[in-house]
Amino acid sequence: MIEAPAVIERLRRTTDTIVGETALIERLAAGRPLRIKYGVDCTAPDLHLGHAVNLWMMRQLQDLGHKVVFLLGDLTTRIGDPTGKSETRPTLSPAQIEANAASFLDQVSLVLRTEPEVFEVRRNSEWFGSMEVATLLGLFSQVTHAQLMARDMFRERIAAGREIALHELIYPVLQGYDSFAMDSDLTIVGSDQLFNEQLGRHFQQRLGSPPQALVITTITPGIDGGPKQSKSLNNYIALTDTPKDKFGKLMSLPDTLVQTYAHVYTELPLDVVAALGEAAAQGGPAARDAKLKLAAAVVTRYHGANTAKAERAGFTEQFTHRNIPGDLPEIAVQTSSPTILELLQAARPELSNSDLRRLIRQGAVSIEDQKVLSHDQPIPLSEPVTLRSGSRTFHRIVRA
RNA sequence: GGCAGGUUGCCCGAGUGGCCAAAGGGAGCAGACUGUAAAUCUGUCGGCUUAUGCCUACGCAGGUUCGAACCCUGCACCUGCCA
């Protein structure tokens, strides 16, 4: 049994602040498994390394016997969380919500354990779906206007002369009540959720339960060094990225981010993290090697040491030794002597013909290491050939 | 409610009648170089079986004109100021 303060210490690595720390230590020390709230909105999920920082913290607690309660906000999703949004969000159909929930579970299970002893799935429609208006009004009476106006986003919207729909105002109240309804002991969230989860503590206290502790995680940087990973900035590494993509994206980090990444996104000992940072600052092959170690450590966490080792070897082969990788995606073609453009259309369906012509014009396309510069050049396919389009995209072309 | 300004390509942003598929920046893509998909430099960056060609595009719908992102009318949304 690990002592409670030691548990906290482990979490501290990626923690900014803890609300209710003393109570949390007491509860950990009591030996009872904690219920950890992991509440999500059922919008289309695309979890990335930043989300996973929270998940890994929960995973550590699961390994100590605590239970993650995965709370699908199926009912509240119909409202839409106004956090950080300037506009009201469109509502989702029930079918869409179900599909998103399934996808969420898939992605979450890449990090969390899902045995029933340490994982439970709940939905907030369980308590909100059939709640009486009188009960609801009772809840509302527990929260004052001033409390809601403490939310900076609401104040900003008002100051800007924008509307706030009543249901948006109510959203944090409902999210807060979730914590009471599901008996949350602890929730691990980013600072953007601090306000909503504080309301959770408020409800629990008002309704006679001990308030949940809040572990607010550190901000986790995107691969461009920006303050967060986001889809719109296209600077994130998704949990569903292939090991190869994870490895490659990590190698494309600016050298200056190596230490931060190693700290936040791996479990490497802190002295190793510091050493990697120093190596990265040195530049030269030392920096590259540090980054290789970082990439391997992250890939190991998600896909195991063997996969990481293979990706590392593959990367060195392809980019340091400039060899063509071994296992290429295969494209089967019907015609015996297609033009290079036809081959590219088959191999890169996501690109437009104009894009493909551009690649050819810029000298990015080669067959068997021979540059092809004319878009209508026929390629005889008596033997399978290797098609290269760009510095890191290869296909094996075979006759169908 | 009144007055003024705005709505441009993935994002930001210039353009006020033909030289506009639209300056500049960012992102993306490619090439060179290298230590890597870092950094740097260069090129490219709507689509079309490539074409001094066609199609689509400057909030939406009409109109004026040989010709409209640019002028006019209406509509929608946004911003600022006043009340």
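Proteins get letters first, then strands, A, B, ... in listed order; numbering begins at 1 in each.
Base pairing of U36(B) is not made with any nucleotide, judged by Watson-Crick or G-U wobble geometry with both donor-acceptor distances under 3.5 Å. In this entry G1(B) has C82(B) as its Watson-Crick or G-U wobble partner, both defining distances falling under 3.5 Å. Judged by Watson-Crick or G-U wobble contacts below 3.5 Å, the nucleotide C10(B) has G26(B) as its partner. Pair assignment for G31(B) gives C41(B), based on Watson-Crick or G-U wobble hydrogen-bonding distances that are each under 3.5 Å. In this structure, C54(B) and G47(B) make a Watson-Crick or G-U wobble pair, each of the two defining distances being under 3.5 angstrom. The partner of C20(B), taking Watson-Crick or G-U wobble pairs whose two distances both stay under 3.5 Å, does not exist in any strand shown. Nucleotide U73(B) is matched to A61(B) when pairs are restricted to Watson-Crick or G-U wobble geometry with both distances under 3.5 angstrom.
To the nearest whole angstrom, the two P atoms, one in G46(B) and one in U40(B), are 24 Å apart. Only the C1' atoms considered, C12(B) is 28 Å distant from A61(B), to the nearest whole Å. Comparing the C1' positions of A83(B) and A4(B) gives an interatomic distance of 15 Å, to the nearest angstrom. Atom C1' of A30(B) sits at a distance of 29 Å from the matching atom of G15(B), rounded to the whole Å. Only the P atoms considered, G25(B) is 25 Å distant from C33(B), to the nearest whole Å. Straight-line distance between the C1' atoms of C75(B) and C81(B): roughly 24 Å, to the nearest whole Å. Taking atom P in both A21(B) and U16(B), the straight-line distance is 16 Å, to the nearest Å. Nucleotides C29(B) and C45(B), compared at atom P, are 16 Å apart to the nearest Å.
Side-chain atoms of D74(A) and S125(A) form a donor-acceptor pair, as typed in the model, at a separation below 3.5 Å. Under the 3.5 Å distance criterion, with hydrogens and angles disregarded, no donor-acceptor pair is assigned to the side chains of E115(A) and Q62(A). Donor-acceptor pairing under 3.5 Å is recorded for the side chains of Q212(A) and S179(A). Side-chain contact annotation: S366(A) with D369(A), donor-acceptor N/O pair under 3.5 Å absent. No side-chain donor from either of Q318(A) and N323(A) sits under 3.5 Å from a side-chain acceptor of the other. Between the side chains of R396(A) and T386(A), a donor-acceptor pair is found at a separation under 3.5 Å. With hydrogens and angles left out, the side-chain atoms of Y171(A) and D41(A) include a donor and acceptor closer than 3.5 Å.
In this entry the distance linking CG of L257(A) with P of A39(B) reads 10 Å, nearest Å. At whole-Å resolution of the value, CZ in R392(A) and P in G31(B) are 10 Å apart. Atom pair F394(A):CZ and A37(B):P shows a separation of 11 Å (rounding to whole Å applied). As rounded to whole Å, 10 Å separates atom P of A39(B) from atom CG of L253(A). Note: CD (Q282(A)) to P (U34(B)) measures 21 Å, nearest angstrom. The CZ-P distance, from R358(A) to G28(B), rounds to 16 Å in whole Å. In this entry the distance linking CE of M251(A) with P of A39(B) reads 12 Å, nearest Å. When rounded to the nearest whole Å, the span between CG of D376(A) and C1' of U49(B) equals 9 Å.
Taking 4.0 angstrom as the limit, S252(A) places none of its side-chain polar atoms (N or O) nearer than this to OP1 or OP2 of A38(B). The phosphate of U36(B) (OP1 or OP2) has a side-chain N or O of R288(A) nearer than 4.0 angstrom.
Residue contacts for K244(A): at a heavy-atom cut-off of 4.0 Å it reaches a base atom on one of the strands shown. Residue T256(A) is classed as having no contact, given no heavy-atom separation below 4.0 Å to the nucleic acid.
Each of G31(B), A37(B), U36(B) was ranked by its minimum atom distance to the side chain of S391(A); first place goes to G31(B). Side-chain proximity of F315(A) to G31(B), C29(B), U36(B): nearest is U36(B). Closest approach to the K291(A) side chain among G31(B), U36(B), C29(B) is made by U36(B) (side chain taken as heavy atoms from C-beta onward).
A donor-acceptor contact under 3.5 Å is formed by the side chain of Q362(A) with the base of G43(B). Checked by distance alone, D289(A) brings no side-chain donor or acceptor within 3.5 Å of a matching partner on the base of G35(B).
Along RNA chain B, the nucleotide nearest to S389(A) and the one nearest to A287(A) differ in position, and the one closer to the 5' end is contacted by S389(A). Comparing G248(A) and G363(A) by the nucleotide of RNA chain B that holds the closest heavy atom to each, the one mapping nearer the 5' end is G363(A).
Residues meeting the salt bridge (charged side-chain N to carboxylate O under 4.0 Å, His left out) test with E26(A), sequence neighbours left out: none. Not counting sequence neighbours, the partners of R10(A) by the side-chain contact (heavy atoms from CB on, under 4.5 Å) test are I2(A), Q60(A).
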*Please report the C-alpha distance between Q175(A) and E197(A) in whole Å, then the side-chain angles of each, then the deciding distance to 0.1 Å, and finally whether the side-chain hydrogen bond (donor to acceptor under 3.5 Å, both in side chains) criterion is met.*
CA-CA 7 Å; Q175(A) 181 176 336; E197(A) 293 301 335; 2.9 Å; yes
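Using a 4.0 Å cutoff on non-hydrogen atoms, the parts of residues 347-356 of chain A near RNA chain B are S352(A), N353(A), S354(A), D355(A), ordered by number.
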